[in-house]
Amino acid sequence: MKTIFNRRQFVQTGLVAAGSMTLPNVLFAADKKSVLVFTKSSGFEHDVVKNIGDKPSIVENAVTSLGEKHGFNVTASKDGGVFDSRDFHKYAAVLFFTTGDLTTVGTDKNPPISPKGKQALLDAIHGGLGFVGVHAASDTFHTQPDPEGGSNRYIAHGEQSDPYLRMLGGEFITHGSKPRLQDANIIVNDPKFPGLEGVGSHFTFNDEWYSLKDFRTDLHVILTIDTKGMSGKPYERPPYPMTWARMEGKGRVFYTAIGDRPENWSNPLFLNLLAGGIRWATATAKASLAQNLTEVTPGYNVIPPKPE
């Protein structure tokens, strides 16, 4: 089940719902967890989150299908005003596929998140809201200043990183360009994480691979990218986390850097992993949170060389 709201509809929804609670089907739907899929692009707009006319994006369609399969409701929005609305607090989790400083109108011209709304999001996660970050969610709210060329991204900021990135657990630096897409060997550090049952100890996958930094040391690393044999300066570093889970206060935070290629949004391996992350973030699936960052990726804090 999927709903797409604009700012006015979010306000109206509370009034409609209040008058509908006597209907059995509404009561039944209320038993399901609800997930907000937020895909505003203040920076680069990926193909998978673009709406062509009135058609839902690839991400919206895929997560809606996962909701139908696994029993959660989906609301999709690009309107940052949702985080200032009362309805925001009805969600069990929020999924971000976003870019840039979301407090600015930016590339897609949709309404930005207000500074108050950003803080409301972070407070809600700390209080128990689940968070699922996909791919470019780590290319969001870069630690400032963030000049053109990304020179500040090659500096480790640690506790001085933007609060959103501290919540997420890591920050995007760059990705390869020649080639942009390439096969990589992905090491499975937790084969028991929901959705990874039967995958094995490693697999080969093709995507646009993010090089990341400023990992929180409390990460439970689920997948690691093996950089050996990869092409490009972004990967001139030891293996580092590609998918992880952590707690932010009472909130369950899941992130995977996979998700650039449109084709991967119909790939069963990726969709099963994403569904597992959503289920865990909404507290409908269990998983280990053993902190293993230094054990499985001892070179995690190496930052790749800047491009010439």
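Between Glu263 and Asn267, the side chains place no donor N or O within less than 3.5 Å of an acceptor N or O (distance only, hydrogens not considered). With no hydrogens or angles considered, a side-chain donor-acceptor pair links Ser138 and Tyr255 at under 3.5 Å. If you check the side chains of His142 and Asn152, you find no donor sitting under 3.5 Å from an acceptor. Counting only N and O atoms by type, the side chains of Thr224 and Asn189 include a donor and acceptor under 3.5 Å apart. Checking Lys78 against Thr39 by side-chain atom types alone, a donor-acceptor pair falls below 3.5 Å.
You'll find the side chain of Asn272 stays beyond 4.5 Å of the side chain of Leu196, heavy atoms only. The shortest distance between side-chain heavy atoms of Lys40 and Asp108 falls below 4.5 Å. In this structure the side chain of Ile225 never reaches within 4.5 angstrom of the side chain of Tyr210, judged on heavy atoms. A 4.5 Å side-chain heavy-atom check between Phe72 and Thr282 finds every atom pair outside the cut-off. Counting heavy atoms from C-beta outward, Leu95 and Val74 have side chains that stay 4.5 Å or more apart. Within the 4.5 Å cutoff, the side chain of Lys192 has no heavy atoms near those of the Ser288 side chain. Using a 4.5 Å cut-off on side-chain heavy atoms (C-beta onward), Ser201 and Val188 make no contact. Considering only heavy atoms from C-beta on, Phe193 stays 4.5 Å or farther from Leu223 through its side chain.
In this structure, Ser57 contributes its side chain and Lys50 its backbone to no donor-acceptor pair below 3.5 Å. At distances below 3.5 Å, at least one donor-acceptor pair connects side-chain atoms of Asn292 with backbone N or O atoms of Val221. Within the 3.5 Å criterion, the main-chain N or O of Gly106 finds no donor-acceptor partner in the side chain of Ser42. Put simply, the side chain of Asp207 gets close to the backbone of Gly259: a donor and an acceptor are under 3.5 Å apart. With Trp209 contributing its side chain and His175 its backbone, the two residues share no donor-acceptor pair below 3.5 Å. Although no hydrogens or angles enter the test, the distance criterion places a donor-acceptor pair under 3.5 Å between the side chain of Arg216 and the main chain of Arg166.
Taking both residues in full, the closest heavy atoms of Asp47 and Pro262 are given as CB-CG, 4.5 Å, listed atom of the first, atom of the second, then distance. Of all the heavy atoms in Asp146 and Gly150, the pair that sits closest is OD1-CA, 4.3 Å. Heavy-atom minimum distance, Val132 versus Gly277: CG2-O, 4.0 Å.
Annotation for Glu295: atom CD does not count as buried by contact number, only 12 or fewer foreign heavy atoms lying within 6.0 Å. Other residues, nucleotides and ligands contribute at most 12 non-hydrogen atoms within 6.0 Å of the CD atom of Glu159.
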Run the numbers on Ile58 and Phe97 for side chain to side chain contact (heavy atoms under 4.5 Å, CB included), then give the verdict.
-> CA-CA 11 Å; Ile58 291 172; Phe97 194 123; over 6 Å; no

May I have the step-by-step check of side chain to side chain contact (heavy atoms under 4.5 Å, CB included) for Asp214 and Leu165, ending in yes or no?
-> CA-CA 9 Å; Asp214 278 328; Leu165 295 169; over 6 Å; no

Stepwise, does the side chain to side chain contact (heavy atoms under 4.5 Å, CB included) test hold for Thr174 with Tyr154?
-> CA-CA 9 Å; Thr174 186; Tyr154 288 85; 3.5 Å; yes

Stepwise side chain to side chain contact (heavy atoms under 4.5 Å, CB included) check, Lys33 with Arg279 = CA-CA 10 Å; Lys33 299 289 181 74; Arg279 290 165 51 219; over 6 Å; no

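Of the listed residues (Arg180, Arg261, Gln182), just one forms a side chain to side chain donor-acceptor pair (under 3.5 Å) with Glu208, and that residue is Arg180. Put simply, the residue from Ile278, Thr75, Leu66 that forms a side chain to side chain contact (heavy atoms under 4.5 Å, CB included) with Val35 is Ile278.
A continuous path of ILVMFWY side-chain contacts below 4.5 Å connects Phe254 to Tyr91, so both sit in one hydrophobic cluster. In terms of hydrophobic clustering, with Ile, Leu, Val, Met, Phe, Trp and Tyr side chains grouped at heavy-atom distances under 4.5 Å, Val296 and Val302 are assigned to different clusters.
The ring-ring contact (aromatic ring centres under 6.0 Å, His included) check on Tyr300 picks up nothing, with sequence neighbours excluded.
Residues Phe38 and Phe83 bring their aromatic ring centres within 6.0 Å.
Separation of atoms CG (Asp87) and CG (Leu36) is listed at 10.5 Å; rounding is to 0.5 Å.
Legend: side chain to side chain donor-acceptor pair (under 3.5 Å) pairs involving residues 229-248, not counting sequence neighbours, sorted by first then second residue: Ser211-Arg237, Asp218-Arg246, Thr243-Thr256, Arg246-Glu248.
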